[in-house]
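Data block below; observations after.
Everything numeric here is computed off the predicted structure, so don't read it as measured data.
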Amino acid sequence: MNKTPIDVCGTGISGLDSVLGGGLPRNRLYLVDGNPGVGKTTLALQFLLEGVRAGERCLYVTLSESKPELESVALSHEWDLSGIDVIELSSIERSLAGKSRNTMFQSAEVELTALSTLLMEEIESIKPARVVLDSLSEMRLLAQNPLRYRRQILTFKQRMAERECTVLLLDDRSAVGADVQVQSIVHGVVSLSMAPIKYGIFRRCLMITKLRAVRFREGNHDYAIRKGGLQVYPRLVAAEHRAKFEKALASSAEPELDALLGGGLHSGTSNLFMGAAGSGKSTLASMFVHAAARRGERVSYYAFDESLHLLTDRARELGMDLAPHVKSGLLNLHQVDPAEIAPGELAHQILEDVSKQKTKLVVLDSLNGYINAMPNEDFLNLHLHELLSYLNQQGVVTIMVLAQHGLVGPMGAPVDVSYLADTVVLTRYFEARGELKKAISVMKKRSGAHEMSIRELKMADGRVRIGPALSEFEGVLTGVPRMLGGTAPTARE
């Protein structure tokens, strides 16, 4: 039995359409609710502007804001509302009471039935395909009791369906608790929320709590209000993006480092470079970045902590000139401010790099900055799990840099993500013969064999060198090793 496809109308927000499974089914009534400031009016205007682009007649009924206020919102996004019919509450009041243009309207003065009758007359005259009613708080005040309010919404729903209108009802949650009266009547509910964090932007989330007869993407979806409107970042579900890829080894172009790693880093794996601050983690990541770009592979480097010019300068001093690869477009360097970006937005950017730019290597430097964009540790682990699963399924080599707390002795990390990584590379400081040295070792590698030795890591004279195994030392990982005898080997010159 063939199923008749549902006719949907786009919202003008690609991310929201993705969450909705294509858009909103036509000729239905929908509720968009959220506290003041979450972007309900912006979303509603985008919905109507999309209708204008599709050649549909659109109507905005504003019961709470004036037309100039509505136009100021549009102006901030450089939108032209000339294609949208706007009915103000003040004009409705003049029609009902015959008062002058300057009369201030008080919602309690208007009879709900008369208001609804006039609205339907206007809608019958304009014959819009899309309607926005802003907001239900005014109608709730006019109704004065829940029964009358519910009956009015039911009547409104029936008449709009008869006139083949797709309607958005905006509600600012002025009612105590959730407005179940409306939620039980409407075809779908789009809920917007925002929560302050200790520092930085508000965390804004969108959620579809109801959508009849349509399979939609559940859960919280980050969104941002930018110039041009709402940008919704659907929650990443790795299982939806499975792909086949050729297995390969990504080389660092340093034979000793590749040998330590059992040949290099495998495609479709996540790799954690962990150690104390300044112990060489970012430098090791830059080696793989430079080598991949020289092979003609696209690379995306997300820097949370270090400025891009310091990153490129340090790499150049060690014989890795990244500038030509940035200029050619093979290397995309992203400066990320964790206080100004939501986790969903970052995941969306990475997904775009991989799906559209065919990126083969992604570096997150560092997870310490990434953590600051997360509300809590549990959310970080779940988010990272989906992101890394997606990247692994696309055959991408992912390098995560994590700075541990402390310099020598017992080390701690702000979050344990080692179980998410396929490979864990550890860098440490240690003392030997009155000098501070660095050591490197591979603690874990799921995708193949690797050396179990601990080697010296040295960065000097314009290059990075990996020394032979520190077989003459014991306790290097403690930071204060004991020399077993003989002459300690060092990194080759």
Side-chain angles (χ1 to χ4, degrees), residues 249-265 271 273-295 297 299 301 303 305-328 330-331 333 361 363 365-366 397 399 401-404 407-408 423 425-442 450-451 453-473 476-477 479-481 483 486-493:
L249 276 173
S251 170
S252 67
E254 170 58 44
E256 297 296 337
L257 178 57
D258 290 342
L260 186 64
L261 288 162
L265 300 177
N271 308 275
F273 292 1
M274 183 169 59
S279 60
K281 306 177 302 298
S282 296
T283 298
L284 293 173
S286 296
M287 294 172 68
F288 284 96
V289 167
H290 185 250
R294 290 183 65 185
R295 292 193 299 269
E297 299 174 0
V299 182
Y301 197 116
D305 307 318
E306 191 174 15
S307 62
L308 296 182
H309 76 274
L310 287 177
L311 174 69
T312 54
D313 288 349
R314 175 169 46 78
R316 186 175 60 254
E317 290 171 358
L318 293 172
M320 299 174 286
D321 191 1
L322 302 179
H325 305 301
V326 173
K327 187 176 181 180
S328 69
L330 286 175
L331 173 57
L333 297 177
L361 174 63
V363 178
D365 186 8
S366 68
V397 176
I399 296 177
V401 177
L402 179 64
Q404 293 181 293
L407 294 175
V408 294
T423 304
V425 178
L426 181 66
T427 56
R428 292 298 299 265
Y429 291 107
F430 71 99
E431 177 190 350
R433 299 182 181 275
E435 291 186 28
L436 188 63
K437 298 180 179 292
K438 298 174 183 176
I440 180 173
S441 57
V442 178
H450 64 90
E451 284 190 15
S453 59
I454 303 174
R455 298 183 178 227
E456 185 181 356
L457 172 64
K458 192 171 184 180
M459 292 167 281
D461 302 325
R463 59 168 296 190
V464 180
R465 296 189 294 276
I466 307 295
L470 296 171
S471 56
E472 300 297 328
F473 287 99
V476 172
L477 297 184
V480 186
M483 194 169 180
T487 303
T490 58
R492 291 177 294 184
E493 299 299 329

Please report the shortest heavy-atom distance between [X] and [Y], naming the atom on each side.
X: Gly467; Y: Arg455; value: O-CD, 3.1 Å
X: Ala253; Y: Asp258; value: N-OD2, 3.8 Å
X: Leu249; Y: Gly262; value: CD1-O, 4.5 Å
X: Val299; Y: Ala293; value: CG2-N, 4.2 Å

At what distance, to the nearest 0.5 angstrom, does [atom1] of [X] lie from [atom2] of [Y]?
X: Gln404; Y: Met274; atom1: CD; atom2: CE; result: 4.5 Å
X: Ile440; Y: Glu451; atom1: CD1; atom2: CD; result: 10.5 Å
X: Leu361; Y: Asn271; atom1: CG; atom2: CG; result: 9.0 Å
X: Ile399; Y: Leu284; atom1: CD1; atom2: CG; result: 8.5 Å
X: Leu457; Y: Arg428; atom1: CG; atom2: CZ; result: 13.5 Å
X: Tyr301; Y: Leu331; atom1: OH; atom2: CG; result: 9.5 Å

Using 30° and 60° as the class boundaries, would you call the ring planes of Phe288 and Phe273 parallel, tilted or perpendicular?
tilted
Determine, stepwise, if the pair Lys437 / Glu435 fulfils salt bridge (Lys or Arg N to Asp or Glu O under 4.0 Å).
CA-CA 6 Å; Lys437 298 180 179 292; Glu435 291 186 28; 3.4 Å; yes
Determine whether a donor-acceptor pair (N or O, by modelled atom type, separation under 3.5 Å) exists between the side chain of Arg294 and the backbone of His325.
no
Check whether Lys281 reaches the backbone of Ala276 with its side chain - one donor and one acceptor, N or O, closer than 3.5 Å.
yes
Please determine whether the number of non-hydrogen atoms from other residues, nucleotides or ligands lying under 6.0 Å from atom CZ of Arg295 exceeds 12.
yes
Apply the side-chain contact (heavy atoms from CB on, under 4.5 Å) test between Phe430 and each candidate in Leu436, Leu470, Ile454, Leu477; give the one that qualifies.
Leu470
Answer whether the closest heavy-atom distance between the side chains of [X] and [Y] falls below 4.5 Å.
X: Met459; Y: Lys438; result: yes
X: Thr312; Y: Leu333; result: yes
X: Leu322; Y: His290; result: yes

Could you walk me through whether Leu260 and Val425 pass the side-chain contact (heavy atoms from CB on, under 4.5 Å) check?
CA-CA 10 Å; Leu260 186 64; Val425 178; 5.9 Å; no
For Ser252 and Glu254, run side-chain hydrogen bond (donor to acceptor under 3.5 Å, both in side chains): C-alpha distance rounded to whole Å, both residues' side-chain angles, the deciding distance at 0.1 Å, then the answer.
CA-CA 5 Å; Ser252 67; Glu254 170 58 44; over 6 Å; no
So Val476 and Ser441, side-chain contact (heavy atoms from CB on, under 4.5 Å) or not? Walk me through it.
CA-CA 10 Å; Val476 172; Ser441 57; over 6 Å; no
